[in-house]
Amino acid sequence: VANAKGVVALYYAADRGSSYGLFVSTAKDGVHFSGEKLVVPGSADADIIANGASSLMYYGADLGAQGFGVKVAKSVGKVVP
């Protein structure tokens with residue numbers, strides 16, 4: 001996902017030993033990413049659909065007794081931090 005200034009946010013699943021889930025990193029040039037931050041613990045496979053001022057993220061998550069499924073989150077702020 002990119003903002004109007006060309007900054008790219010990459011959302012991805014990762015396992016860092018002490019934490020697993022969806023992370024975000026940003027890059028001003030779209031190539032060199034930094035500032036990794038855990039944003040949705042215990043989740044994976046993010047898809048983002050931008051719609052004007054708001055965005056939706058669909059992602060895989062543990063649904064407890066129902067097993068693994070898909071959840072959706074609506075942005076409440078900037079998608080590109």
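For the numbers below, each heavy atom of this structure counts, side chains included, while hydrogens, waters and symmetry mates do not. Here the structure is a predicted model, which means the values were calculated and not measured.
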S.K.: Can you name the nearest heavy-atom pair linking Leu63 to Gly69, along with the distance?
M.R.: CD1-CA, 3.5 Å

S.K.: Is the closest side-chain heavy-atom distance between Asp47 and Tyr59 below 4.5 Å?
M.R.: no

S.K.: For residues Val40 and Val72: do they belong to one hydrophobic cluster (side chain heavy atoms under 4.5 Å, members Ile, Leu, Val, Met, Phe, Trp, Tyr)?
M.R.: no

S.K.: If you look at every heavy atom in Ala61 and Lys71, which pair is closest and at what distance?
M.R.: CB-CD, 3.8 Å

S.K.: How close do Gly30 and Val8 get, heavy atom to heavy atom, and via which atoms?
M.R.: CA-CG2, 3.9 Å

S.K.: When rounded to the nearest 0.5 angstrom, what is the spacing between CG in Asp45 and CE in Met57?
M.R.: 11.5 Å

S.K.: On a heavy-atom basis, which atom in Phe33 and which in Ser25 lie closest, and how many Å separate them?
M.R.: CD2-O, 3.6 Å

S.K.: Minimum heavy-atom separation for Ser55 to Ala50, with atom names?
M.R.: OG-CA, 3.6 Å

S.K.: Do Ile48 and Leu38 land in one hydrophobic cluster if side-chain heavy atoms of ILVMFWY residues count as linked below 4.5 Å?
M.R.: no

S.K.: Decide whether Val80 and Leu10 are clustered together by the hydrophobic rule: side chain heavy atoms of Ile, Leu, Val, Met, Phe, Trp, Tyr closer than 4.5 Å, transitively.
M.R.: no

S.K.: Out of curiosity, Ile49 CD1 to Ser54 OG, how far, rounded to the nearest 0.5 Å?
M.R.: 11.0 Å

S.K.: Are the side chains of Tyr20 and Ser43 in contact, using a 4.5 Å heavy-atom criterion?
M.R.: no

S.K.: What closest approach, in Å, do Ser75 and Val79 show between heavy atoms, and which atom pair accounts for it?
M.R.: CB-CG2, 4.0 Å

S.K.: Any chance you could measure Tyr12, atom OH, to Leu22, atom CG, to the nearest 0.5 Å?
M.R.: 10.0 Å

